[in-house]
4 protein chains.
Amino acid sequence: MKIAVIGCGSIANSQHIPNYIKNDKVEIKYFCDIIPERANAAVEKYGCGIAVTDYHDILKDDEVEAVSVCTPNNVHPVISMDFLKAGKNVLCEKPAAKTYDEVLQMQKVQHETGKVLNIGVVNRFNSAVQRVKKYIEDGKLGEVYHVYISFRAHRSIPGLGGAFTNKDIAGGGVLIDWGVHYIDLVMYCCGDPQPLTVSGEVFSKLGVDIKNYTYRQMWASEPDCNGVYNVEDSVTALVRTAGPVFTVHGAWAQNIGENETYIDFMGTKGGIRLQYGGGFKVYTSEYDSLVEYEPEFKTEDMYEKEINAFIGCIESGEKLQSHIDTAAITAKIMQAIYDSSEQHREIDLTK
Amino acid sequence: MKIAVIGCGSIANSQHIPNYIKNDKVEIKYFCDIIPERANAAVEKYGCGIAVTDYHDILKDDEVEAVSVCTPNNVHPVISMDFLKAGKNVLCEKPAAKTYDEVLQMQKVQHETGKVLNIGVVNRFNSAVQRVKKYIEDGKLGEVYHVYISFRAHRSIPGLGGAFTNKDIAGGGVLIDWGVHYIDLVMYCCGDPQPLTVSGEVFSKLGVDIKNYTYRQMWASEPDCNGVYNVEDSVTALVRTAGPVFTVHGAWAQNIGENETYIDFMGTKGGIRLQYGGGFKVYTSEYDSLVEYEPEFKTEDMYEKEINAFIGCIESGEKLQSHIDTAAITAKIMQAIYDSSEQHREIDLTK
Amino acid sequence: MKIAVIGCGSIANSQHIPNYIKNDKVEIKYFCDIIPERANAAVEKYGCGIAVTDYHDILKDDEVEAVSVCTPNNVHPVISMDFLKAGKNVLCEKPAAKTYDEVLQMQKVQHETGKVLNIGVVNRFNSAVQRVKKYIEDGKLGEVYHVYISFRAHRSIPGLGGAFTNKDIAGGGVLIDWGVHYIDLVMYCCGDPQPLTVSGEVFSKLGVDIKNYTYRQMWASEPDCNGVYNVEDSVTALVRTAGPVFTVHGAWAQNIGENETYIDFMGTKGGIRLQYGGGFKVYTSEYDSLVEYEPEFKTEDMYEKEINAFIGCIESGEKLQSHIDTAAITAKIMQAIYDSSEQHREIDLTK
Amino acid sequence: MKIAVIGCGSIANSQHIPNYIKNDKVEIKYFCDIIPERANAAVEKYGCGIAVTDYHDILKDDEVEAVSVCTPNNVHPVISMDFLKAGKNVLCEKPAAKTYDEVLQMQKVQHETGKVLNIGVVNRFNSAVQRVKKYIEDGKLGEVYHVYISFRAHRSIPGLGGAFTNKDIAGGGVLIDWGVHYIDLVMYCCGDPQPLTVSGEVFSKLGVDIKNYTYRQMWASEPDCNGVYNVEDSVTALVRTAGPVFTVHGAWAQNIGENETYIDFMGTKGGIRLQYGGGFKVYTSEYDSLVEYEPEFKTEDMYEKEINAFIGCIESGEKLQSHIDTAAITAKIMQAIYDSSEQHREIDLTK
C-alpha cells in the first residue's frame, strides 16, 4: 500500500514515519512539507519517497491509498477533507480541529465519502488505558459515577509565544493540547457517553506576561518575547454525561508546585487511579477487607498499534475506536468548555 | 457574664464548656440537654451550673446574657431564634441550619433583635487560615482566580446509620458536615465574594449498603445496620463567584485509597496549598527564581479564640467574621449545590 | 574586534578562549605563551590565530584592541600595564596582583590611559551571587550587619610544591587563591564598602611537611617533594567595614574533615546562606512565621557573561563591576590580612 | 561539713542542692533567698536546713564552712566577697561577675583571705572536655594553632525582656551567657593561655524589636513586651593568645536557620570537633592514611563532679581548674570583646 505523510515535523518524524517503515505492508511514496528542506531531509533520512511542498500534487496520484496528516492544528480540516474527497484514507493528528464545527464538517465528508477518517487520539491504543476500559466494561468497579481528571503541571507551557500559544494556529491552550488526550481516553474507558451539560472556565494568567514568566525548562521551543500568548494556561470544568460526571482540572502553568497528572475513576464497587502515561492502581474491597494493588503488565508501543490498526482497518473495513465519530464527541465537550467559559454559564447539550 | 450551654454532647464537652470555663469573664449558669443524664453529668463534672432539660426554662432568666447552641442541626434554627427573641446573644454550631431558607429566617430575626448571632465556623479563627487570608489581602498572590477545594477521604463516614447520615436530622452528608468548613474558610480568605453560578452533583453510593460498607475506623458512633442512610457520601461542584472560581471535590467515602484534604489557592503572582487542619506551603517566584516554602508559626487554639471573640463582641459590639451575615453566603452556595444536583443543571444565583 | 590571549594554560583553555570563540564580534589574532608548544597547540586546536612567545610582539599591532592576561600572578601587573600603555583593553585574571601596592600601580595606569582594566573576579557574574546582591539592595534582609565567610576544605592544597605554593609566584596561599573569590563576591553583594580595620592571622602548618602531607586528590598538578611551600594553608580574620563586619575563616587544608564552603549574610530582617558555586537559602519571617526557602533559578555561565561583558564594555564605555577600582578594595583587605598576621596586630585602614 | 545555699532559683534546685545532698560529708544548714517562699519551699522539699532571707545572717555562723552563690549575676561579687571575708569557702556560679574589674576585686579578696573561691565553669568537669584536654596535652594534635568557637542558634533568646536581656542584671547577652562556657572550656583545654590581642563586635539586632521577634520556643520565661532588651544577640571576635588564635562566632538569634554549636581545635597533627554538651570527633592521619573517629566513653555528671571537687578541695587544699585565677583569664577576654566592640578597634592586652 502506498501512503503519504503530510507535514514532516516532530510528531511525523518521531512516530508516524518510523512506524510506517516498520509495517511491511506499507511503502511511503511522498513526504510533503511546505518547508522544502524538511521534505527533502525526510527523503534523504529514510531513503525512500518523493519530496513535495504542495499536498495538492498528491491528491491526483491514484497509487496513494492513505495519508497521515501531521500539520499544525489549523490546517487539519482542509487537508483531511481534500484527501477524503480524493478517495484517500486519512489518519489525522489530534485534535481533529480547532472548533467543533470544523469537526462536524470533517465527519460529514467522511460519511459522504465512506473513506476512513481516524484521529490521532493515540491513548485509545495505550496498554494501561485499554486495561482500565476492560475493568470498567466487566463491571469490576460497579457503576462508575464520577471521574476526576487532573492534568496539572507547575510550569510547563510549551514554546511560549510560538505556535502552541497562538489561538489562531492551535485553537486553544492546555485544554486542546493536553486535555484532549485526558478527556478522550476517559470517554473511551467509559464507552463514549453523550455529554449532557458542561460548565467550565479557562484562565489565561501566567503565560501572558511572557517576559516575566519563570520556568525550569521549556519544551517545543524557546520562549519568544515578541510572540503571541492568547490561550488558556489552566482550565476547570464540570461535565454531566449519560454516564459518569467528570470534574476537569488542568494547568500548563499554575502557582502550585506540584505535578498531578492522573485520572480517578470512582465506582460503586471499586475505583482506579490511572497515572497518565504510566500504570494504574485499583482500590476495592472483598471479603470485608479493603484491597489496593497495582497491576503489572507489558506495555506495547501505542503509536505502533495506532498506525498498524489504521492500515489494518483500511483493508478490513473495521471501525476503530479512534474513528472521527468518537473523536467528535470529545470535541463537542471541549468546545462546550470554551463556550461555557466565554458566557460564564453552563451549556446544555441536550437541546 | 452568665451564660447557658444548650446541648451537652461531644462538641459542647470538648470545646465550648472548657473554653467558657477558661474565660474569666464568664460563668456557666445552665447546662441544658433533653437527655437529663447528660445535663446532670455536666453539672457534676464542671462543678457549676444548673441542669435543665427544656431550654424554654432559660429563656426567661434575665441574668443569662448568652448561649451556645450545640444541638443536632435540625433544631439549630428554632432554638437560636427563640433565644434571640428572648434578648440573648447566640453562638450556634455549624452548619447554621439544614437549608438556606432556614438560615435566612435566622438572619432576619438577628437583624430584628439586634442581638449577636454567630455561627461556629471555627476555621475563621484558625491560625493558618488567618495567615492565608493575610497573604491574599496583602496581594502576595496577586489575583486569586481559582480555588481547588479537596476534602476527599477513603472511608470515613461518621456514625453510619445514625444522626449524621439521616437527612431529616443532619440536612445532608459530607457537604454539610465537612464541606461547610472548607467552603466557608475559602470564602473567608477570599473576602466572602458573592456566588454567581453553581453547578454540582452529590452522590450517595457507598454508605447506602450499610451492611457491606467496609472501613478501618468509624468516628462519632458505631454503625447501625438498621439505621437510615439517605445523604451524600461524595460531592463535586463548580462555583463561579464575584471573586475566584471554586472547584469542589469531597468524599466521606470513595473507592480511591487516598486522603487528600487540602485547598489550593491559585493566584497570578503566587499560590498556596493549605493542608486542612495543618500548615501551608507558598509557591511564588522572585528575582527570576521559583520559590516555595512552608511558614513555621505558632498555632493558637481556634475554639478558644472563637469563644473569647464571641464573649468579647457582646461587649464591644464588633461584628465578627463568623456573623450570620457571612455564614449565610456559604449556606447559599451549599443549598445551590444540593439544588443543582437535584435538577442536574446549573443554578444561576444572580437572578 | 581582534584580541590576544596572553598565557595559554588551564584557565585560558577552559574559559577565556572558548568564550571568545563563542562571541561573534571577536576574532583571536594571537595566542601567546613563553612555552612555544602551548601557543602552537592553541593555534592548531582552535584553527585560528598566530602563535607567539613574547607578548611585546603584540603590543605594536594596531589591530589588536583587547587582551586576556592568563599568566601566573607575579607577571599580571607588568603585562597588564604594558598593554594598557600600548592602548589595549585588558581583562586580567584574578588576583590582580600579589600585593596591594602593585594593584595601586595598575589602577594608576588604568586611570592615566583610560583603557579598560577588568579583573577576573568572575563571581561578580555568577547567577546566584547576582541574585543575593539584589535581595540585599532591595532591603529584603534589612541591614546586613555581619557576614561569615567560610572557605574551609579538609585536604585540598593545589599542586603542592609548585607555582601555587610559592610565594614569589603566587603571592600567597588559600587567601589569595580562594579567599579572593569569597571576599570579593561579598564586597560586591554588600556594595563594595570601604574596609576600616583588619585583624587576621595566616597559618602555614600542614603543607610545609610536603613529604608527609596526606590527601585524597590533588588538583592543578602532582606534589613536588623538592618544591617550595612558603604560603599559608589556612587563614582567619575579622574585618570591620563601612557596611557589615566580616568574619573570615578559610583553609586549603586543616585537620577537620569537613568541607564548609559557604557565606552567611546576616541581616536584621532576613539572612542568606550562599553555597559557593551553588544556590542559596533565604531565612526570614513574615506574618509572625519563620520562613526558609531555596530559590530555584536558571544558572548562566559566569565566564561567558564575564567575557561578553568585557567585550561589550569596550564598545559601550560602561564601567563594569569587575573594574580595577572595585577589585582594588578587595586587594586592600587581603593585603591588610597578610600585614596584620605578620605584625600580630590589627591594621587601621582609616589612617 | 555545714554549708549554705545563697539563692534558691533554678540552678540551685536543679544542680547544687541535689548534689550537696548526695554528698555524704555535707549537711545543708541554710537555704537563703530574698523571696521567703523560695527559701521555705527548699526547707520543706529537702527536709533539712533553715530558711533565711538575708545572707548576712549566715556570715556570723561559725559552723558554716562553705556556700554556693546561685543568685543573679549582678550580686555575685558582693556576696562572694562578704563570705570570703567571713572565712567561708565559696562556689560562685558563672559568670564570676558582670565586668572584669569586679572579677579582679573578687580575686584580690580570695588571695587576701586564702579561702577557696571557685567559679561554676562546670564544663571544666565535663567528661568530653576533659578528654579533649588530654588529647591536646599529650600532643596528639601536635601544635594547636587555631580554635574556631561556634555557638550559633537560630532563635534562642532566653526570657526576652527579662533578667537575661537586661544589661544591669546580666552584664551582657549571648557572650556572657553562652560564650563564657565555650571560651572557658577552650581556655581549659589549651592550658589557660594568656590573651594578647582581642578584636570583637557584638550585635543587638533581632531581640530589640521585642514585639515582632518570631521564635519557636522560648526558655527561661515568656517574653515581656514591656521589658528591657539592651544586650547583644550575636558576637564575633578574633583573639590572639600565647597559645592558639581563637575565632569566636556566637548567636542567641540570627537569620540563619541552623544551630551550629561546636568547637574546632585545629592542630598540626590532628584536629577535634567537639559538639558542645556532646561527644567529639578526631581527625588525623597515620601511615599515610586519613583517619577520623568518634570516641565512645561513659559520661559522668559534671555538676556532681564540680560539687564534690569543691568540697574535696576545701579539705585537701588542692587548687582546682575552676579557681578564680583561671576564671579571671576568661573574664579578661570577654571584657576585652565588649570593650573592643565599643571602641571598634582591637584591644592590646599585653600593655
Counting only non-hydrogen atoms closer than 4.5 Å, does Arg240(B) touch chain A with its backbone (N, CA, C, O), its side chain (CB onward), both, or neither? side chain
With chain A, the option among Asp264(B), Val208(B), Asp288(B) that has the most non-hydrogen atom pairs under 4.5 Å is Asp264(B)
Could you check if a side-chain atom of Asn255(A) sits within less than 4.5 angstrom of a side-chain atom of Leu141(B), using non-hydrogen atoms only? no
Drop me the distance from Glu201(B)'s CD to Phe246(A)'s CZ, to the nearest 0.5 angstrom. 13.0 Å
Quick one: what part of Glu260(B) sits under 4.5 Å from any heavy atom of chain A, side chain, backbone, both or neither? side chain
Less than 4.5 Å apart, side chain to side chain, heavy atoms only: is that true for Tyr148(B) and Arg152(A)? yes
Does CD in Gln217(A) sit with more than 12 non-hydrogen atoms of other residues, nucleotides or ligands closer than 6.0 Å? no
Tell me, for Thr197(B) versus chain A, whether the close heavy atoms (under 4.5 Å) come from the side chain, the backbone, both or neither. side chain
Relative to chain B, which of Thr268(A), Val248(A), Asp209(A) shows the most heavy atom pairs under 4.5 Å? Thr268(A)
Is it the case that over 12 heavy atoms from other parts of the model lie below 6.0 angstrom from the CD atom of Glu342(B)? no
CD1 on Ile256(B) to CZ on Phe265(A), rounded to 0.5 Å: 9.5 Å
Identify which part of His154(B) has an atom lying under 4.5 Å from any heavy atom of chain A, answering side chain, backbone, both or neither. side chain
Kindly indicate, with the supporting measurements, whether the criterion ring-ring contact (aromatic ring centres under 6.0 Å, His included) is fulfilled by His146(A) and His249(B). CA-CA 10 Å; His146(A) 185 203; His249(B) 188 184; 5.0 Å; yes
Tell me whether the count of non-hydrogen atoms from other residues, nucleotides or ligands lying under 6.0 Å of NZ in Lys332(A) goes above 12. yes
Between Glu292(B) and Arg155(A), is there a side-chain N and carboxylate O pair less than 4.0 Å apart? no
Name the region of Ser285(B), side chain, backbone, both or neither, that has any atom closer than 4.5 Å to a heavy atom of chain A. side chain
Gln275(B) atom CD, neighbour heavy-atom count above 12 within 6.0 Å: yes
Are any of the side-chain nitrogens in Lys205(A) or Glu143(B) under 4.0 Å away from the carboxylate oxygens of its partner? yes
Which atoms of Phe203(B) come close to chain A, meaning under 4.5 Å heavy atom to heavy atom: side chain ones, backbone ones, both, or neither? side chain
Is chain B contacted by the side chain of Ile272(A), its backbone, both, or neither, given a heavy-atom distance below 4.5 Å? backbone
Less than 4.5 Å apart, side chain to side chain, heavy atoms only: is that true for Arg216(B) and Leu290(A)? yes
One should read off an interatomic distance between Met266(B) CE and Thr236(A) OG1, to the nearest 0.5 angstrom, of 8.0 Å
Atom pair CG (Asp348(A)) and NE2 (His344(B)), whose distance is rounded to the nearest 0.5 Å: 13.0 Å
Ser234(B) versus chain A, the contacting section by heavy-atom distance below 4.5 Å: side chain
If we only count heavy atoms from C-beta on, is the Tyr283(B) to Gln254(A) side-chain gap below 4.5 Å? no
For Ser340(B), is it the side chain, the backbone, both, or neither that has a heavy atom closer than 4.5 Å to a heavy atom of chain A? both
